[in-house]
Amino acid sequence: MDFKLTEEHIMIRDAARDFAKNELLPGVIERDEKQEFPKEQIKKMGELGFLGMMVSPEYGGGGMDTVSYVLAMEEISKIDASASVVMSVNNSLVCWGLDTFGNEEQKQKYLTKLAAGESIGAFCLSEPEAGSDATSQKTTAIEKDDHYVLNGTKNWITNGSTADFYIVIAQTHPEKKHKGINAFIVEKGWDGFEIGPKEQKLGIRGSDTHSLNFNDVKVPKENRIGEDGFGFKFAMKTLSGGRIGIAAQALGIAAGAYELAREYSKVRKAFGTEIMNHQAIAFKLADMHTSIEAARHLVMKAACDKDNGENYDLSGAMAKLFASKTAMDVSVEAVQVHGGNGYVKEYHVERLMRDAKITQIYEGTSEIQKIVISRSILRD
Ligand code: COS
């Protein structure tokens with residue numbers, strides 16, 4: 001077992017770290033306050049190759065491994081989790097799904113632009129009554145002549161109004177239950193496709209979250225991904241990898257909050273000395289550091305499983321479950337270390353604490369991860 005990163009991994013991590021510090025940190029508080037999408041910054045991330053990291057160069061991607069991806073996700077998330085969720089959805093849900101299951105025409109038409117960051121993608125599975133219970137899709141896609149007719153509503157869609165292309169999961173044959181579900185590529189601007197109002201959120205406020213309505217949207221048959229009825233498996237397989245990305249995001253939020261708390265403890269004085277000299281604070285930092293290292297090992301294990309062609313449903317679920325709890329616990333403690341300053345915006349930790357919560361909810365709640373984990377360990 002080799003715990004050492006390669007030179008290339010270190011280069012990618014450092015490039016992401018520099019980008020986050022130089023391009024994302026300025027204005028991050030204001031974007032959070034105004035719920036403003038980091039448009040310019042995302043454009044630059046695309047130009048630098050952060051939006052299609054694992055896609056093969058043939059389709060405009062970086063041809064990198066999952067380890068590189070999680071290293072970059074961690075660094076971006078330390079500073080701006082709103083930018084990193086755009087990166088995560090585009091890389092792991094949209095690009096990976098198309099790269100792995102799309103046909104040649106779909107890759108040429110859509111993936112090349114998404115991987116190069118010229119277009120942004122969204123992944124639309126959740127509905128008002130189908131979040132965790134993903135098989136209960138009410139959105140329908142009914143076959144008619146050379147197309148499908150799409151009707152329904154999707155909820156909490158990341159990149160809701162900023163995306164160009166949307167992967168939409170819908171029920172085609174209700175009598176077949178989950179085996180009748182399909183996944184489609186839908187373009188913004190098609191007749192009958194409406195974007196609902198922007199959600200007012202607790203955290204990741206710079207990201208752009210909307211509901212979407214489909215009213216008799218005509219989707220060409222060639223935009224279905226995979227065989228008829230493959231949509232639920234497509235969603236599950238894609239989300240399994242997505243969970244590694246969100247685990248890395250949670251790790252980054254935790255590490256970002258911890259680093260701020262550690263540095264603050266070296267300069268803030270109380271009772272005549274820097275607060276790091278008080279065991280109450282030093283022990284908090286020790287606990288934070290230990291759980292972050294444990295989370296990092298789980299995230300890396302899941303990334304390596306994926307890169308080595310192993311099954312990563314279990315390791316990805318464990319990484320997300322543990323890293324998201326670590327993000328929550330560590331960010332709460334980081335606010336505590338900062339005392340009164342932790343509660344005001346300019347010290348950043350209150351934002352990281354608000355951002356942390358979503359990592360226990362999206363791409364499968366912690367309870368869903370426990371279903372995946374328990375089924376996996378009890379099956380053998
Ligand atoms: N990879 C491939 N196939 C998978 C899979 C995976 N990771 N997980 C499940 N499947 C398949 C199963 O093999 C089964 O197929 P068959 O009927 O052909 O055997 C099918 O999907 C249904 O699986 P299952 O019976 O386990 O479905 P459940 O309704 O019990 O749901 C969970 C399983 C809970 C794991 C699933 O619904 C889930 O992940 N829900 C959360 C979805 C989510 O992340 N929502 C957030 C929205 S995106 S922000």
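We count ligands from 1, going down the list as the structure has it; atoms in each ligand are counted the same way.
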ask   = Are side-chain heavy atoms of Thr153 and Phe214 found at a separation under 4.5 Å?
value =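 Not in contact.
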note = For ligand 1, protein residues within the heavy-atom limit of under 4.0 Å are Leu125, Ser126, Gly131, Ser132, Ala134, Thr135, His178, Lys179, Phe232, Lys233, Met236, Lys237, Leu239, Ser240, Arg243, Asp313, Glu363, Gly364, Ile368, Val372, Arg375
inquiry  = By the definition side-chain hydrogen bond (donor to acceptor under 3.5 Å, both in side chains), identify the one residue from His178, Glu129, Lys154 that meets it with Gln137.
reply    =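 The option that passes is Lys154.
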Pairing residues for Asp305 by the salt bridge (charged side-chain N to carboxylate O under 4.0 Å, His left out) criterion, not counting sequence neighbours = Lys301
key: Salt bridge Lys221-Asp145, side-chain N to carboxylate O under 4.0 Å   = no
ask   = Does the side chain of Ser84 come under 3.5 Å of the side chain of Gln249 through a donor N or O and an acceptor N or O?
value =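 Gln249 and Ser84 do have a side-chain donor-acceptor pair below 3.5 Å.
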query = According to the interplanar angle, ranging from 0 to 90°, do the rings of Tyr258 and His289 count as parallel (below 30°), tilted (30 to 60°) or perpendicular (above 60°)?
reply = tilted
